[in-house]
S.K.: 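Quick one: this structure, given as structure tokens, is what I'll be asking you about.
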Amino acid sequence: MSVREIHPLDRPIWSALTTRQSHLALGGAQARRFPAEIGPFADMADMSEASFAALGELMAPSEYVVLFTPEKVSAPDGFKVLLAKSGEQMVGTPAESTLSGVEIVTLGADDVPAMMALVDLTKPGPFGKRTHELGTFLGIRDGGELVAMTGERMKPGNYTEMTAVCVHPSHRGRGYAQALLSAVARQIVARGEIPFLHVFSDNTSAIALYKRQGMEIRRSLEVTVLQKQG
């Protein structure tokens, strides 16, 4: 089945790179990716030899990319699978959550060092020096230090992904993640878009949290990290 005939969330990376974020896309009809400094996300029009070849042309030797696909990826010679895990795609608007006395601020280019430091500490997933260019990122500071953030990433069709949900270990349990998800989601909905996110299937605590927030699992996807050999 052509990716053009399925729901945009079934191939969210390809859909994003061929619709609202096509201006960021590297590649063409067979394979596309975000610039490496934005993120390692890529996809192909199909799983043909020609598409894998086109993907390889977009990668430097030993570089890796991340794919979200409905089916398992069987990599041909020239690629090595570094990771293959199931993920859950969840859709919905998290319940409204506010915190008394806590200010949520919009983050920008000047905040990148602090954002990178928080990501390095909490490991929410791939995050590059230009990831913040994908959409709005919101944060919470304590004593001038960035201690929590969440933002927007892929934008396939009329959907916008919420991502980089991270809270400094010393500030967990205060409702920061819920408040930031709520704030980001409301900005997405205000633009007439639908919020969604991805979480590994074995991250049961996060899935339970998002369900309590009012989000629902739409489907499972295969998360594959491919490295170019040579």
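In this text the structure is predicted, and so the values were computed from the model without any measurement.
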S.K.: Are D111 and M116 side-chain neighbours, meaning at least one heavy-atom pair lies under 4.5 Å?
M.R.: no

S.K.: State, with a plain yes or no, whether a side-chain heavy atom of L67 is found less than 4.5 Å away from one of M44.
M.R.: yes

S.K.: Do T69 and M47 touch side chain to side chain, with heavy atoms closer than 4.5 Å?
M.R.: yes

S.K.: Donor-acceptor pair, R32 side chain versus L17 backbone, under 3.5 Å?
M.R.: yes

S.K.: For the salt bridge (Lys or Arg N to Asp or Glu O under 4.0 Å) test, which of K80, R33, K228 pairs with E63?
M.R.: R33

S.K.: With rounding to the nearest 0.5 Å, note down the distance linking CD1 in I13 to CG in L221.
M.R.: 9.0 Å

S.K.: T19 side chain to G157 main-chain N or O, any donor-acceptor pair under 3.5 Å?
M.R.: yes

S.K.: For the atom pair CG (D142) and NE2 (H168), what is the distance rounded to the nearest 0.5 Å?
M.R.: 10.0 Å

S.K.: Counting C-beta onward and ignoring hydrogens, is there a side-chain heavy-atom pair between V189 and P195 closer than 4.5 Å?
M.R.: yes

S.K.: Could you check whether atom CZ of F41 has more than 12 heavy atoms from other residues, nucleotides or ligands sitting under 6.0 Å from it?
M.R.: yes

S.K.: Closest heavy-atom contact between M154 and A16?
M.R.: CB-CB, 4.2 Å

S.K.: Going by atom type alone, with no hydrogens or angles, which donor-acceptor pairs under 3.5 Å involve a side-chain atom of residues 123-131 and a protein atom two or more places apart or on another chain?
M.R.:
| from | atom 1 | to | atom 2 | distance (Å) |
| --- | --- | --- | --- | --- |
| K123 | NZ | D120 | O | 3.0 |
| R130 | NE | E133 | OE1 | 3.1 |
| R130 | NE | E133 | OE2 | 3.0 |
| R130 | NH1 | E37 | OE2 | 2.8 |
| R130 | NH2 | E133 | OE1 | 3.0 |
| T131 | OG1 | I38 | O | 2.6 |
| T131 | OG1 | G128 | N | 2.6 |
| T131 | OG1 | G128 | O | 3.3 |

S.K.: For R153, is there any backbone N or O sitting under 3.5 Å from a side-chain donor or acceptor partner on E161?
M.R.: no

S.K.: Ring centroids only, cut at 6.0 angstrom: are H198 and F196 within range, meaning strictly under it?
M.R.: yes

S.K.: Is there a side chain to side chain contact (heavy atoms under 4.5 Å, CB included) between L55 and Q30? Walk through the geometry before answering.
M.R.: CA-CA 8 Å; L55 178 63; Q30 294 295 122; over 6 Å; no

S.K.: Which atom names give the shortest non-hydrogen contact between L58 and L26, and what distance separates them?
M.R.: CD1-O, 3.6 Å

S.K.: Which heavy-atom pair separates P94 from G92 by the least distance, and what is that distance?
M.R.: CD-O, 3.5 Å

S.K.: So, do R20 and S15 sit near enough that their side-chain heavy atoms are less than 4.5 Å apart?
M.R.: no

S.K.: Look up atom CD in E88 and atom CD in E216, then write down how far apart they are to the nearest 0.5 Å.
M.R.: 13.5 Å

S.K.: Looking at CG of L83 and CG of L226, how far apart are the two atoms once the value is rounded to the nearest 0.5 Å?
M.R.: 10.0 Å

S.K.: Counting only N and O atoms by type, is there a donor-acceptor contact under 3.5 Å from the side chain of K155 to the main-chain atoms of L134?
M.R.: yes

S.K.: Measuring only between side-chain heavy atoms, which start at C-beta, is P156 closer than 4.5 Å to Q21?
M.R.: no

S.K.: List in chain and number order the residues that pass side-chain contact (heavy atoms from CB on, under 4.5 Å) with P169, two or more places apart in sequence or in another chain; answer none if no residue qualifies.
M.R.: L121, T122, R172

S.K.: Is there a side-chain contact between H7 and R218 (heavy atoms, below 4.5 Å)?
M.R.: yes

S.K.: Before you tell me yes or no, could you show the steps for E222 and K85 under side chain to side chain contact (heavy atoms under 4.5 Å, CB included), namely the whole-Å CA-CA distance, both residues' side-chain angles and the distance that decides it to 0.1 Å?
M.R.: CA-CA 6 Å; E222 299 299 325; K85 289 184 66 173; over 6 Å; no

S.K.: Can you tell me how far CD of E193 sits from CG of N158, rounded to the nearest 0.5 angstrom?
M.R.: 6.0 Å

S.K.: Cluster partners of L180, using ILVMFWY side-chain heavy atoms under 4.5 angstrom, listed by chain and number?
M.R.: M90, L99, V102, I104, L138, I140, V147, M162, V165, V167, Y176, L181, V184, I188, L197, V199, I207, L209, Y210, M215, I217

S.K.: Quick one: pull up CG in D77 and CZ in F52 and give me the separation to the nearest 0.5 Å.
M.R.: 11.5 Å

S.K.: Between S201 (side chain only) and S86 (backbone N and O only), is there a donor and an acceptor less than 3.5 Å apart?
M.R.: yes

S.K.: Does T106 reach the side chain of F137, with side-chain heavy atoms less than 4.5 Å apart?
M.R.: no

